[in-house]
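When a ligand or atom number is given, it counts from 1 through the structure's own listing order. Count residues from 1 along the sequence. Since we're looking at a predicted model, the values are computed, not measured.
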Amino acid sequence: MNAQPVVLVLNAGSSSLKFCVYAAGASAEYDGWQLVARGQIEGLGTAPRFIAKDGTGRTTDDHAMTATVRDARSALDALALWLRARFEGAQVLGVGHRVVHGGASYAAPTVVTPQVMQDLRALVPLAPLHQPHNLAAIDAVAERLPGVPQVACFDTSFHRGHQPVADLIPLPLEIRRTGVQRYGFHGLSYEFIASILPQVAPEIGEGRVIVAHLGSGASLCALNDRKSVDSSFGFTALDGLCMGSRPGAIDPGVVLYLFQSLGLSATDVERVLYKQSGLLGVSGISNDMRVLLKSSADEARLAVDYFVYRAAKEIGALAAVLGGIDGLVFTAGIGENSAAIRERICASSKWLGITLDRDANAQNGPRISSARLRPSAWVIATNEELMIARHTWSLLALPSGKDLAVRT
Ligand code: ADP
């Protein structure tokens, strides 16, 4: 039994609902918030499964769920039951949500109101695969916990300070007026990294830094003095780097060819671009970098080669935007865990002056470049959920207590 007030963080996607629970004053060690549970309901619509860990990362639940758990609403019902049992009597002080699109105007997280929801629904056409699920979770919480304040945190907000030229997509004005511009995504991850640079890598805190968020989605962000000045993601999260099942930047003429010559429908093209390309499309084996690195197949090698090639090429582009770099930071699943990929990207970026310390790299950093040499290279774990929690504490005027960044 645990009756401390809690704040929930929810990240609702098409096939999963991820959650974190932060409790106030849960431990004698901290006078602030502490992560007490995190987990996900995955396989929504196929084979739903509930997985939860406690604040130390120990798995506390892992079981199959009934097939009736198939969308954000039914997943939230199931999560609510679990929360009630696990945190009996706990008051929910607020719920923070990851919302993929805040459009051009939401440059910061915001407390959800009917007007905010109306604005965010208007952005569904700009992120049809993600935004509806994010908003469905907000609606579902509003129905089940009326009166509990909710905070929407956007993947786009961190990129809203760009120069107009960086966000321009040079199409005719009447098309741009409908919202066609570069937005950039993974903003909560980059904002978190920017927030802890002074702690973890103070020598580059105010400098020109490229952050490489390399997970199943992958992108780069160019930071100057911890502010985003450009990103490899554009109008959608299809641009830029090669990803698990997305191609990254391709000639838009290919998309015309798919429609006009191969006769694919819009649904087919969407599936090709979001689900069948990238590492999976090139290798024909897997979208998982771990599988490809272990494989001896030529196609797996080509997929990894392209991933590295494209990452190095895009790093070069952002280095040009920044006029040189002071630091390169790796984060997310591949960036935090694969010394081999980091080594190859750093080797391809040697012309920028990056010199890897192989021992430090094998130990996952944090600093993985030779001491005293600039630019430096780093591995820093991201924590998008904590970023959402921080925004929620701040917007709801809840005391945030000690910063938990380096503990969670
Ligand atoms: P997302 O949150 O976008 O689903 P993650 O940031 O969790 O993605 O990254 C997931 C990816 O990280 C996996 O698909 C896998 O390819 C990669 N990954 C995780 N651990 C390793 C590792 N040790 N070596 C190489 N790749 C890894």
Are Asp239 and Arg182 close enough for a salt bridge, meaning some N to O gap below 4.0 Å?
-> yes
Steps toward salt bridge (Lys or Arg N to Asp or Glu O under 4.0 Å) verdict (Arg367, Glu203) = CA-CA 11 Å; Arg367 186 187 174 116; Glu203 66 202 76; 2.7 Å; yes
Would you mind listing which atoms of ligand 1 come within a distance below 4.0 Å of any non-hydrogen atom of Gly217?
-> 3 (O)
Specify the protein heavy atom at minimum distance from atom 23 (N) of ligand 1: its residue, its atom name, and the distance to 0.1 Å.
-> Asn337 CB, 3.3 Å
Polar-atom distance check: Ser216 versus ligand 1, any N or O pair below 3.5 Å?
-> yes
Just jot down the ligand 1 atoms closer than 4.0 angstrom to any heavy atom of Ala332, in number order.
-> 6 (O)
Quick one: nearest non-hydrogen protein atom to atom 27 (C) of ligand 1, plus distance?
-> Arg290 CG, 3.6 Å
Who passes ring pair (Phe, Tyr, Trp, His ring centres under 6.0 Å) against His101, sequence neighbours left out?
-> Tyr183, Phe185
Within the side chain of Thr156, is there an N or O that forms a donor-acceptor pair under 3.5 Å with the backbone of Gly102?
-> yes
Just jot down the ligand 1 atoms closer than 4.0 angstrom to any heavy atom of Ile334, in number order.
-> 12 (O), 17 (C), 26 (N)
Check: Asp288 N/O within less than 3.5 Å of ligand 1 N/O = yes
Please work out whether the ring planes of His186 and Phe233 are parallel, tilted or perpendicular, with thresholds of 30° and 60°.
-> tilted
Does the pair Lys294/Asp288 count as a salt bridge with the N-to-O cut at 4.0 Å?
-> no
Nearest non-hydrogen protein atom, atom 2 (O) of ligand 1 = Lys18 NZ, 4.3 Å
Going from CG on Leu241 to CD1 on Ile315, what distance comes out if it is rounded to the nearest 0.5 angstrom?
-> 8.0 Å
Look only at interatomic distance and state if Leu293 has a nitrogen or oxygen under 3.5 Å from any nitrogen or oxygen of ligand 1.
-> no
Shortest heavy-atom approach to atom 16 (O) of ligand 1 - which of Met289, Lys294, Glu384 = Met289
When you look at CZ of Arg358, are more than 12 heavy atoms from neighbouring residues, nucleotides or ligands closer to it than 6.0 Å?
-> no
Considering only heavy atoms, which of Gly333, Ala339, Ser189 lies nearest to atom 6 (O) of ligand 1?
-> Gly333
